[in-house]
*Asks:* 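Could you have a look at this structure, given as structure tokens, before my questions?
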Protein chains: 2
Amino acid sequence: MLKTHLKNSKEYQPGLSIDCVIFGFDDNQLKVLLIKTGYDDSWSLPGGFVSIDEDIDTAAVSILQSRTGLTGIFLRQFATFGKVKRNQDHFSSDSLAYFGIPLEEEKWYKSRFVTIGYYALVNFSKAIPQADNPGEMVEWIDHHEVPELILDHREILDKALETLRTELNLMPVGYNLLPEKFTIPELQKLYETILGRTLDRRNFLRKITSIGILTKLDEKKSNVAHKAPNLYSFDKDKYEEVLKNGLTQGW
Amino acid sequence: MLKTHLKNSKEYQPGLSIDCVIFGFDDNQLKVLLIKTGYDDSWSLPGGFVSIDEDIDTAAVSILQSRTGLTGIFLRQFATFGKVKRNQDHFSSDSLAYFGIPLEEEKWYKSRFVTIGYYALVNFSKAIPQADNPGEMVEWIDHHEVPELILDHREILDKALETLRTELNLMPVGYNLLPEKFTIPELQKLYETILGRTLDRRNFLRKITSIGILTKLDEKKSNVAHKAPNLYSFDKDKYEEVLKNGLTQGW
DNA sequence: TGTACATTGCGTCATATTAACACATAGCAT
DNA sequence: ATGCTATGTGTTAATATGACGCAATGTACA
């Protein structure tokens with residue numbers, strides 16, 4: 001959660017942080033990028049502070065970039081969390097010392113923080129998880145197997161997934177999560193994983209193709225068991241257009 | 001925008017404010033509660049600060065209560081606005097003097113603020129617009145005739161309406177905006193006003209009744225020109241249930 | 001080599017939902 | 001009485017959805 005090269009707290013917007021729920025899709029699993037601190041092995045969402053001269057959206061992009069190496073990613077603000085006691089008693093003096101925080105900065109870290117939640121959809125294979133502190137671990141974890149998280153990060157994660165599910169009814173998803181070439185069954189698995197329920201193969205094909213955002217390639221997936229499925233790619237222009245105008249119906 | 005009985009700035013969460021877009025429905029118009037300061041006649045959304053020991057949701061409820069006298073109202077957080085320069089140069093030293101802000105507090109008011117947007121749906125006839133400062137005006141204004149607003153309040157208002165339109169597809173609306181007894185044409189007008197387009201009378205009736213949240217009363221509207229329309233009320237239990245589970249289709 | 005099996009691709013059909021419209025009724029105005 | 005306007009109810013065609021059937025393709029293995 002904390003980042004190195006920390007500036008003096010005066011350079012940050014006081015009492016404000018950003019937490020990112022970064023989703024990736026791999027091995028038919030929806031995964032979330034989580035961070036384990038070296039201090040006490042507690043897990044958290046990647047997050048950070050907002051510089052005093054930085055837009056909040058820019059700060060979110062910057063956190064995402066520093067953790068995945070990626071830019072130009074689908075990133076959306078979904079909620080702000082501001083219960084008084086959400087970060088009460090989180091940082092002990094011991095932990096702050098561990099992170100190399102000077103004594104005079106302790107008060108700042110122990111003060112009340114409001115956090116803005118962003119969720120991102122990233123191409124799993126292109127992301128390079130990046131630790132920030134020595135001893136820190138950054139890992140992709142199946143969203144079904146997320147361990148206990150610090151603070152209200154579990155609530156933030158749940159809300160992000162809930163938002164993603166709702167927005168699946170309003171926009172197409174996949175361009176950001178899948179490789180350039182993919183099969184319809186893979187896309188279906190993605191939808192099923194996000195929604196948490198199965199969909200009928202044949203109805204899915206009909207519906208997803210009728211949106212008009214897919215280009216059928218003259219190529220089949222190789223090295224697969226059973227019948228080789230056709231490869232598709234997204235028609236970026238039409239995809240963007242539908243993203244902007246919204247879908248008319250949901251799943 | 002500012003409130004009297006201001007506490008010392010140290011009692012507030014620094015750099016954080018809340019702005020409320022309060023919608024009401026009257027005379028077939030969707031209206032927004034706006035505030036005109038006595039200082040320079042500029043218009044703004046009702047807003048306020050967050051006490052250091054107050055949840056953000058509680059702060060929003062409190063602003064709503066102080067401006068309308070209402071509690072237990074539909075209130076939803078929809079976005080947080082945090083561009084660096086969003087409140088740059090807003091408060092002149094003159095204006096702060098006008099509002100009775102001591103000199104030593106000036107810096108606080110001129111610092112960067114991030115604001116959390118909430119929108120509310122309230123029963124127009126039950127709300128009692130309440131001024132907070134002498135010289136201040138609080139008025140319901142048709143959302144089509146909103147004057148120029150301070151800061152990024154126009155953007156906040158637009159985003160609130162956009163969110164409301166989207167959420168109309170996910171939940172029923174009306175319980176919070178209409179009187180206890182109402183007619184189907186009135187409810188339709190509400191939907192049309194929010195959506196900004198007309199709907200077919202007969203299709204609307206079929207769809208809205210099929211949701212199962214309406215109770216047809218054995219009573220007709222009186223004192224109307226032309227044929228007297230039937231009165232309806234909401235079935236609160238079923239309404240709440242649908243609010244929680246969501247609608248399956250939209251408009 | 002050929003048979004079983006899992007998966008994909010394409011199609012069908014009954015039902016539900018939506019959009020567009022016709023017509024009768026109620027109440028006011030003249 | 002007659003016209004005007006808005007309400008209440010019904011009809012129909014087009015479209016979308018949900019639940020399947022079945023053939024084709026490629027692997028595994030007897």
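All chains are named by letter (A, B, ...) in the order of the sequence lines, taking the proteins before the strands, and each is independently numbered beginning at 1. Predicted, not measured: the structure shown is a model, and the values here were computed from it.
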*Asks:* Check nucleotides 8-12 of chain C against the protein and report each pair of N or O atoms closer than 3.5 Å, with its distance, or say if there are none.
*Replies:*
residue	atom	partner	partner atom	Å
C:dT8	O2	A:Lys227	NZ	3.2
C:dG9	OP1	A:Asn230	N	2.6
C:dG9	N7	A:Arg201	NH1	3.0
C:dG9	O6	A:Arg201	NH2	2.8

*Asks:* Taking atom types as they are modelled, would you say the side chain of B:His226 forms a donor-acceptor pair with the base of D:dT5 within the 3.5 Å cutoff?
*Replies:* yes

*Asks:* Atom CD of B:Glu219 to atom P of C:dA26: distance rounded to whole Å?
*Replies:* 19 Å

*Asks:* Identify which one of A:Leu121, A:Val21, A:Leu195 satisfies the side chain to side chain contact (heavy atoms under 4.5 Å, CB included) criterion when paired with A:Leu164.
*Replies:* A:Leu121

*Asks:* Before you tell me yes or no, could you show the steps for A:Glu240 and A:Lys236 under salt bridge (charged side-chain N to carboxylate O under 4.0 Å, His left out), namely the whole-Å CA-CA distance, both residues' side-chain angles and the distance that decides it to 0.1 Å?
*Replies:* CA-CA 6 Å; A:Glu240 294 293 343; A:Lys236 184 74 188 297; 3.6 Å; yes

*Asks:* When the distance from CG of B:Asn28 to C1' of D:dA6 is rounded to whole Å, what number comes out?
*Replies:* 13 Å

*Asks:* Grab the CG-C1' distance between A:Asn223 and D:dA28 for me, whole Å please.
*Replies:* 16 Å

*Asks:* Taking atom P of D:dT17 as reference, at what distance in whole Å does atom CG of A:Leu247 sit?
*Replies:* 11 Å

*Asks:* Sort out for me which residue in B:Glu219, B:Lys221, B:Glu186 forms a side chain to side chain contact (heavy atoms under 4.5 Å, CB included) with B:Lys181.
*Replies:* B:Glu219

*Asks:* Would you mind reading off the distance between A:Ile211 atom CD1 and D:dT17 atom C1', rounded to a whole angstrom?
*Replies:* 14 Å

*Asks:* Can you spot which of B:Ile211, B:Asn169, B:Leu168 makes a side chain to side chain contact (heavy atoms under 4.5 Å, CB included) with B:Leu247?
*Replies:* B:Ile211

*Asks:* Round to the nearest Å and state the distance from A:Lys207 atom NZ to D:dA16 atom C1'.
*Replies:* 8 Å

*Asks:* For B:Arg86 and B:Glu155: C-alpha separation, side-chain torsions, deciding distance, then whether salt bridge (charged side-chain N to carboxylate O under 4.0 Å, His left out) applies.
*Replies:* CA-CA 11 Å; B:Arg86 61 172 291 279; B:Glu155 184 190 343; over 6 Å; no

*Asks:* Grab the CD1-C1' distance between A:Ile208 and D:dA16 for me, whole Å please.
*Replies:* 15 Å

*Asks:* Could you give the CG-to-P distance, from B:Leu199 to C:dC21, as a whole number of Å?
*Replies:* 15 Å

*Asks:* Hey, what's the ring geometry for A:Tyr175 with A:Phe234, parallel, tilted or perpendicular (30° and 60° as the breaks)?
*Replies:* perpendicular

